[in-house]
Amino acid sequence: MDPAGIERALGAIGTTFRLTRLYPPSHPAVIEAMRQITSALPGLAAVGTVEWKIGATGIHWHGQQLLPRNTQVAELAGLLYARGIRSVQLHPGATAEQAIGLFEVAMGTMPPSGAALGQIVLTMSRRSQRLAMAPPAGAAPAPAPPSAQPSAVAHTAPAPDPKPPDPERRASTAFRFDAVPLDVEVQRAIGDVAAAEQPDAQRAAVENLQRLAPALVGLRDVARVAAAITALDRLLGVTQDAPLAEAIGALAGHLADKATVERMVARLGEPRVAVPERDTLATALGALASLSVGPVLHAYLGAPTDQREPYRAVIRRAGERALEPLQAQLSDKKDEAVLAVAAELTGLTGSPQAVAMLIPLLRHESEFVREGAVMGLGEIGGREISRPLMPALKDDSVSVRSAAARAIAAAGDSAAATVLIRRLDQEPDESVLGDLLRAIGRLGGGREVLDVLARYAEPGGILRRRNAMVRAAAVEAMARLPNREARGLLELYSHDKEPAVRKAAETALR
């Protein structure tokens, strides 16, 4: 038999079950889901009486599992199975409102013989008591549906226990349709903090999140904690209310302890984290700079080069808040790797105070620390860093000289191009030579700059051929010059015999 119509009705029931646990009955999503059930039931009624077998992980019909990948249906089946229900009979004439009764049975707030079930009959296994309650004294028994065909299980089920249930126990498990799951309530509270504009609304939103803070911590969901910290940090930046600011600080401290921050840093480095979640984590960790800088620094140190950007984003978001904890890391004289990374990250704060912290490190005995300091100064940028970086162009380390060339280019001082041009004839390393040429092109200049770049783009003589990588770097640098002569040379080198030079010219002409 074709299960398409039955699966359509069951899918609508599963969707409605999920929505009724999130929203009150008057919510538009619930109303639309009820309408979907109503539209699917006529096709179900045309089949006649349908009996579904209830398993621990799903609903079965004629030996096949219906909608095996639908988590909503699986959840409904699991709850029914846990209450001992082994089959559900839907007779023609069942309504969407009677499906709501099925949900109440699944949640334990209504017995399976309740009148609200109507044309839906529930039975249990032979070893368990059938979930039915005797009708009140003096009341006529509910008539069986005309087309109902009770199973043998229904005829052999023992009578219900006459002992009435404990009313206090019933009250403790009461289910309200206007209640929402805890995670949804927490998410709404975070949204209220982010959206609040008026002082009264801001105070009310923070107080509500304070009330839910233990629950939020108990969820152990670092993404939600990060969203809460981000919302609180934004509110802290706009509020003028001193008591509210104090309450925000206390709440943030309660939400983000050391263990939570470490989990957030670990989550930040996972490769499959969605971009919006990663941005939220970076913003939250930036707001918690006093706690997060240490774990972020060590995670950065252990991460591959192409996976370090999320940690750099944290320091950028933190800004000057990261200066004090980074300064503490810079005082570590024992671990050169930590000191080098701390120097590089200090530049990401963008603070003018970072320049004074990094310049002394340009004379450090470790080349890794000197390179980190140069890279940090390059991140800060500005003309004021060009002069302190000039001595680094003569450093004994190749990596330091390359970093210095890139940092001077990032500083943007066109007057520094003259120094870089003089350095070309003195530089023995070809990789550094390439960085110097790119830096010269980036800083720009007049005819002198073009002549220098054109000279280094030439292939050279038979006895002294110029390295292809150096030529390609000169061609890349030409692409930054706005004059026509530079474009003419690029067109010429787009037909060069060297693949690297030809590719650089073709890329520049696009």
Side-chain angles (χ1 to χ4, degrees), residues 258-259 261-271 273 278 281-282 285-286 288-351 353-381 385 388-389 391-411 429 431-432 435:
K258 183 179 179 181
V261 169
E262 290 176 351
R263 290 200 304 271
M264 291 168 67
V265 173
R267 177 66 176 166
L268 182 70
E270 294 178 7
V273 177
R278 181 173 281 116
L281 287 166
L285 289 170
L288 301 168
S290 60
L291 295 174
S292 66
V293 165
V296 166
L297 187 150
H298 287 87
Y300 181 95
L301 185 60
T305 304
D306 59 344
Q307 298 178 19
R308 289 179 167 180
E309 185 54 36
Y311 307 112
R312 296 165 63 86
V314 172
I315 305 301
R316 290 194 186 98
R317 305 284 176 87
E320 294 192 353
R321 289 178 290 193
L323 275 181
E324 185 175 346
L326 282 171
Q327 190 171 17
Q329 298 289 340
L330 289 173
S331 64
D332 184 1
K333 305 297 184 182
K334 299 179 180 179
D335 195 332
E336 294 178 353
V338 171
L339 185 54
V341 171
E344 180 182 347
L345 296 181
T346 298
L348 294 173
T349 65
S351 173
Q353 302 176 35
V355 177
M357 296 166 58
L358 294 176
I359 287 179
L361 296 177
L362 296 175
R363 298 183 293 273
H364 196 276
E365 60 182 6
S366 169
E367 67 174 290
F368 301 110
V369 177
R370 297 198 302 273
E371 182 183 4
V374 170
M375 295 173 66
L377 289 170
E379 293 289 348
I380 297 172
I385 72 167
L389 284 173
L393 293 172
K394 301 178 182 180
D395 196 277
D396 294 337
S397 169
V398 170
S399 59
V400 173
R401 297 201 301 272
S402 288
R406 294 192 297 269
I408 291 172
D429 187 87
S431 64
V432 179
D435 286 325

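Along the sequence shown, residues are numbered consecutively beginning with 1. Keep in mind that what you see is a predicted model, and the values were worked out from it rather than measured.
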Can you give me the closest heavy-atom contact between [X] and [Y], atom names plus distance?
| X | Y | result |
| --- | --- | --- |
| Leu362 | Pro388 | CD1-O, 3.6 Å |
| Ser366 | Glu336 | OG-OE1, 3.2 Å |
| Gly347 | Ile380 | O-CG1, 3.4 Å |
| Ser290 | Pro325 | CA-CG, 4.4 Å |
| Val374 | Ala392 | CG2-CB, 4.2 Å |
| Leu330 | Ala343 | CD2-N, 3.6 Å |

Quick one: salt bridge (Lys or Arg N to Asp or Glu O under 4.0 Å) partners of [X], sequence neighbours excluded?
| X | value |
| --- | --- |
| Glu320 | none |
| Glu371 | none |
| Arg278 | none |
| Asp395 | Arg370 |

The criterion is side-chain contact (heavy atoms from CB on, under 4.5 Å); which residues satisfy it with [X], sequence neighbours excluded?
| X | value |
| --- | --- |
| Ala411 | Ile385, Ser386 |
| Arg321 | Asp233, Ala287, Ala289 |
| Ala356 | none |
| Ala299 | Val265, Tyr311 |

With distance as the sole test, does [X] use its side chain to make a donor-acceptor pair with the main-chain N or O of [Y] at under 3.5 Å?
| X | Y | result |
| --- | --- | --- |
| Arg308 | Ala303 | yes |
| Ser402 | Ser399 | no |
| His298 | Gly294 | yes |

- Message: I want to check something: taking the side chain as every heavy atom from C-beta on, are Val338 and Leu301 in contact at a cut-off of under 4.5 Å?
- Response: yes

- Is the shortest heavy-atom distance from the side chain of Leu345 to the side chain of Val293 under 4.5 Å? no

- For Leu268 and Val273, run side chain to side chain contact (heavy atoms under 4.5 Å, CB included): C-alpha distance rounded to whole Å, both residues' side-chain angles, the deciding distance at 0.1 Å, then the answer. CA-CA 7 Å; Leu268 182 70; Val273 177; over 6 Å; no

[X] side, atom [atom1]; [Y] side, atom [atom2] - distance, nearest 0.5 Å:
| X | Y | atom1 | atom2 | result |
| --- | --- | --- | --- | --- |
| Thr346 | Glu379 | OG1 | CD | 11.0 Å |
| Ile408 | Asp435 | CD1 | CG | 11.5 Å |
| Glu344 | Leu358 | CD | CG | 10.5 Å |
| Arg317 | Leu281 | CZ | CG | 10.5 Å |
| Arg267 | Met264 | CZ | CE | 11.5 Å |

What residues form a side chain to side chain donor-acceptor pair (under 3.5 Å) with [X], not counting sequence neighbours?
| X | value |
| --- | --- |
| Glu324 | none |
| Asp429 | Ser431 |
| Gln329 | none |
| Thr349 | none |

- Note: Arg401-Glu367 ion pair, threshold 4.0 Å (strictly below): no

